[in-house]
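Everything on this sheet refers to the single structure shown next.
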Amino acid sequence: MSQFNLDTNSAVYKIKEKFLLYTAEQQFHREDCPNVSFMMREVKRDEFAVVDGCLALVDNDFANEMKGWALVRVMGKNRSTQSIVTRCKYYERYTSEEAMEAAAKSYGGLK
């Protein structure tokens, strides 16, 4: 389940608003060669469920560890702030000291 707090007072979907769901999916075409593709689609009203007084998107797809999502609320010319939510942990292997040194070496070392 992926839950987005859209209105702190109640789960209200206003008539003139729309929601855009951006999906990032990481794939490996060759060993250790990741590729990320991005897709966007409008979320229809009947796709939302009310969970603990908040609107939520509930689907098994949100458990996919190779995907991430950002839900954008659009009201006229205004857009909500957003960040990508993901369960993917592949980036962690690139955040160690050893990974930084290997990357630096592949570019000719640190100067």
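For the numbers below, each heavy atom of this structure counts, side chains included, while hydrogens, waters and symmetry mates do not.
The pair Glu47-Arg41 meets the salt-bridge criterion, since a charged nitrogen lies less than 4.0 angstrom from a carboxylate oxygen.
Contact check for Val74 versus Glu17: no side-chain heavy atoms found under the 4.5 Å cut-off. Contact check for Leu57 versus Phe62: side-chain heavy atoms found under the 4.5 Å cut-off.
Gln26 contributes atom CD, which lies 10.0 Å from atom OG of Ser37 (distance to the nearest 0.5 angstrom). In this structure, CG on Asp61 lies 5.5 Å from CH2 on Trp69, to the nearest 0.5 angstrom. Distance check: Leu71 CG to Thr23 OG1 gives 10.0 Å after rounding to the nearest 0.5 Å. Residue Met100 holds its CE atom at 13.5 Å from NZ of Lys105, rounded to the nearest 0.5 Å.
Shown here are the side-chain contact (heavy atoms from CB on, under 4.5 Å) partners of Tyr22, two or more places apart in sequence or in another chain: Leu20, Met40, Ala70, Val72. Not counting sequence neighbours, Glu101 has no partner by the salt bridge (Lys or Arg N to Asp or Glu O under 4.0 Å) test.
The backbone N or O of Met66 sits nowhere less than 3.5 Å from a side-chain atom of Arg87 that would complete a donor-acceptor pair.
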Candidate pair Arg73 and Arg79, rule side-chain contact (heavy atoms from CB on, under 4.5 Å), full reasoning: CA-CA 6 Å; Arg73 182 181 188 186; Arg79 307 289 187 269; over 6 Å; no
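There is a path of hydrophobic side-chain contacts, each under 4.5 Å, that joins Phe19 to Val50.
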